[in-house]
Trainee: 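Have a look at this one before I ask anything.
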2 protein chains.
Amino acid sequence: MTITDQKPAHNDRAPEDRAQIIREHFRNAIIERRLAPGTKLSESEVGGLFDVSRTVVRSALQMLALEGLVRSERNRGAFVATPSPEEARQIFAARRLVEPGMAAAACDRVDPADIAALKRHLRGEASLMTERGPSARRAEIRASGEFHLLLASVAGNDILYRFLEELTARSSLVIALYGRSGASSCGHDEHESIVVALEAGNAQRAAKLMLQHIDHIEADLDLRLTEGLPLSEALHLP
Amino acid sequence: MTITDQKPAHNDRAPEDRAQIIREHFRNAIIERRLAPGTKLSESEVGGLFDVSRTVVRSALQMLALEGLVRSERNRGAFVATPSPEEARQIFAARRLVEPGMAAAACDRVDPADIAALKRHLRGEASLMTERGPSARRAEIRASGEFHLLLASVAGNDILYRFLEELTARSSLVIALYGRSGASSCGHDEHESIVVALEAGNAQRAAKLMLQHIDHIEADLDLRLTEGLPLSEALHLP
DNA sequence: TTGGCAGAGATTGTATCCAATCTTTGCTAT
DNA sequence: ATAGCAAAGATTGGATACAATCTCTGCCAA
């Protein structure tokens, strides 16, 4: 897998902030696992692909580094992040801390239009699960994370939304590295039951289901592998 | 108040990442309210003060913008952020969601050395409260936020620590704008009682006290003032 | 054969230069 | 006198050029 998989942005109607556009392209590529952890992101190469100078590429890479999606080493370059098992644990600990309360908050503010949007999303997830092929798989991974973001937007807190954007994206990296079953589709009906709780206005139940859901995602990980072997991280390099 | 209050970094033993150094200087200046919300941060001027090119200043400002401490307007420049009342509410909502659980987590992982560090911090806060002068006030504001960060480091989750760094810094801006009593010292004994709960290993009580503490900080704010008057934000400019 | 060293090539870090945009100032016409 | 407009100045956005650092390759010696 190389960064050449990345489609260049055609800037015909986007005169504003090209760095942001590049950032989003990489974000999507990382979430959908078209870019493997550890992939080198050369400034010149990226600049060539998007037809911009290194200046704007550096800006995009800096944003991605602050989000934890990219690891940037001085005088060495930028690489798609490879979260350690410890980092993975912290990511899910943060999600366990934030998301149940957020689901409860969403429950208090949800309106019929939100419910409709959530159900529409569930139908999309379901139809993706029936499709075959790697493209559908990618879309499924992506949709699974977006459910959590949709919930965050219902809760109506931009700051938490941004935080969860970071956490879900990094979770995708973690699942790519340590996921056992490969597909993270296991949780679809859990999404569904959370929406049911939301529709019923049962905040406590929504929070509890969300906590269980996160636990299930984390339970599918195998974080033992490189445990206590700091040098083994390097062995992941192709 | 101008950005000239900022002391330049002498880079004699810091050959690495000057942008990071500049970022931290601004972070501290904003937290300690030496830089007022809305202050213009001109790239040339900052570059002159730190004796670096605009390139590295831009990098620092971009980091600060992503943290929410600086608002960056295209072709206009960067300004110290002026959080809206709604933004302030979201910041404290996020803190209410995160910090009680974090206090509980800290309770489970705390060791005697942590307790000692926390008590040392409390003594520092107490002694600052007795001192007079704006310098002591600044240090007090800063120390008050650092208590929460200290707790986050006890909880041992780097990701939450970074998130809370952002939230406490932005809270400082909010208090500068909407704080009623000016001094945020009101909460010192609350810090103390949280440490007591921690020492007793009572996680539930620590969480409850933390929630109350955040509520008290927020209760000192007056968020009505500019409510519903979008244009009044501009009137804050000197 | 293996270890180390040196130099070439490649890549990042920073400064500077030019273009685009905004702001201000001063003039003109109503 | 005031509103509108235009040109000059200032500031940011982006590209390029140069410096610093790293990596890789090949040679030499043990």
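No experiment lies behind these values; they were computed from the predicted model shown. Letters A, B, ... are given to chains in the order of the sequence lines, protein chains preceding strands, and every chain is numbered from 1.
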Trainee: Taking the six-membered ring for Trp, are the ring centroids of A:H148 and A:H191 within less than 6.0 Å of each other?
Mentor: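 A:H148 vs A:H191: aromatic centres under 6.0 Å.
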
Trainee: Restricting to salt bridge (Lys or Arg N to Asp or Glu O under 4.0 Å), what partner residues turn up for A:R138, sequence neighbours left out?
Mentor: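 A:R138 satisfies salt bridge (Lys or Arg N to Asp or Glu O under 4.0 Å) with no other residue.
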
Trainee: CZ of B:R71 versus P of D:dT12: gap in Å, rounded?
Mentor: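 About 14 Å, once rounded to whole Å.
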
Trainee: Quick one: do B:R137 and B:E32 make a salt bridge, cutoff under 4.0 Å?
Mentor: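 Salt bridge absent between B:R137 and B:E32.
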
Trainee: Could you state the CD-P distance from A:E45 to C:dA10, rounded to the nearest angstrom?
Mentor: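 These atoms are roughly 14 Å apart.
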
Trainee: Within this structure, what is the CD1-to-C1' distance between B:I22 and C:dT14, rounded to whole angstrom?
Mentor: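 Atom-to-atom, B:I22 to C:dT14, this comes out as 12 Å.
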
Trainee: With a 3.5 Å cut-off and sequence neighbours excluded, list the donor-acceptor pairs that the side chains of residues 159-166 of chain B form with protein atoms.
Mentor:
residue : atom : partner : partner atom : Å
B:R162  : NH2  : A:L66   : O            : 3.2
B:E166  : OE2  : B:R170  : NH1          : 3.1

Trainee: Counting primed atoms plus P, OP1 and OP2 as sugar-phosphate and everything else as base, spell out the protein contacts along nucleotides 17-22 of chain D at 4.0 Å heavy-atom distance: B, S or - for each nucleotide, 5' to 3'.
Mentor: B---SS

Trainee: Could you list the residues that satisfy salt bridge (Lys or Arg N to Asp or Glu O under 4.0 Å) with B:D158, not counting sequence neighbours?
Mentor: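 So B:D158 forms no salt bridge (Lys or Arg N to Asp or Glu O under 4.0 Å) with any residue.
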
Trainee: Do the side-chain N or O atoms of B:R58 get closer than 4.0 angstrom to the phosphate oxygens (OP1, OP2) of D:dT12?
Mentor: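 Indeed not, no polar side-chain atom of B:R58 lies that close.
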
Trainee: From CG of A:D17 over to P of D:dT12, roughly how many Å is that when rounded to an integer?
Mentor: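 One finds 16 Å between P of D:dT12 and CG of A:D17, rounded.
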
Trainee: Whole angstrom is fine here: how far is it from CD1 in B:I21 over to P in C:dT14?
Mentor: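 For the pair B:I21 CD1 and C:dT14 P, the rounded distance is 10 Å.
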
Trainee: Looking at B:S53, I'd like to know whether one of its side-chain N or O atoms comes within less than 4.0 Å of OP1 or OP2 on C:dA15.
Mentor: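 For B:S53, the contact criterion (side-chain N or O under 4.0 Å from OP1 or OP2 of C:dA15) is met.
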
Trainee: Which whole-number value in Å describes the distance from A:F50 CZ to D:dG14 C1'?
Mentor: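 That distance rounds to 17 Å.
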
Trainee: Just compare C:dT14, D:dG13, D:dT11 and give me whichever is closest to any side-chain atom of B:K40.
Mentor: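 Between C:dT14, D:dG13, D:dT11, the one nearest the side chain of B:K40 would be D:dT11.
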
Trainee: Just how far, in rounded Å, is C1' of C:dT12 from CD of A:Q62?
Mentor: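 The answer, rounded to whole Å, is 14 Å.
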
Trainee: Applying salt bridge (Lys or Arg N to Asp or Glu O under 4.0 Å), name anything that partners A:R76, two or more places apart in sequence or on another chain.
Mentor: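 Only A:E73 meet the salt bridge (Lys or Arg N to Asp or Glu O under 4.0 Å) criterion with A:R76.
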
Trainee: Figure out the CZ/C1' separation between A:F79 and C:dT11, and round it to whole Å.
Mentor: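 Taking atom C1' of C:dT11 as the reference, CZ of A:F79 is at 10 Å.
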
Trainee: Looking at residues at least two apart in the chain, or sitting in another chain, which of them share a salt bridge (Lys or Arg N to Asp or Glu O under 4.0 Å) with A:E125?
Mentor: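 Testing A:E125 for salt bridge (Lys or Arg N to Asp or Glu O under 4.0 Å), a comparison that skips the adjacent residues, returns none.
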
Trainee: If you check the B:T55 side chain, which of D:dT12, C:dT16, D:dG14 turns out closest?
Mentor: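 Nearest nucleotide to the side chain: C:dT16.
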
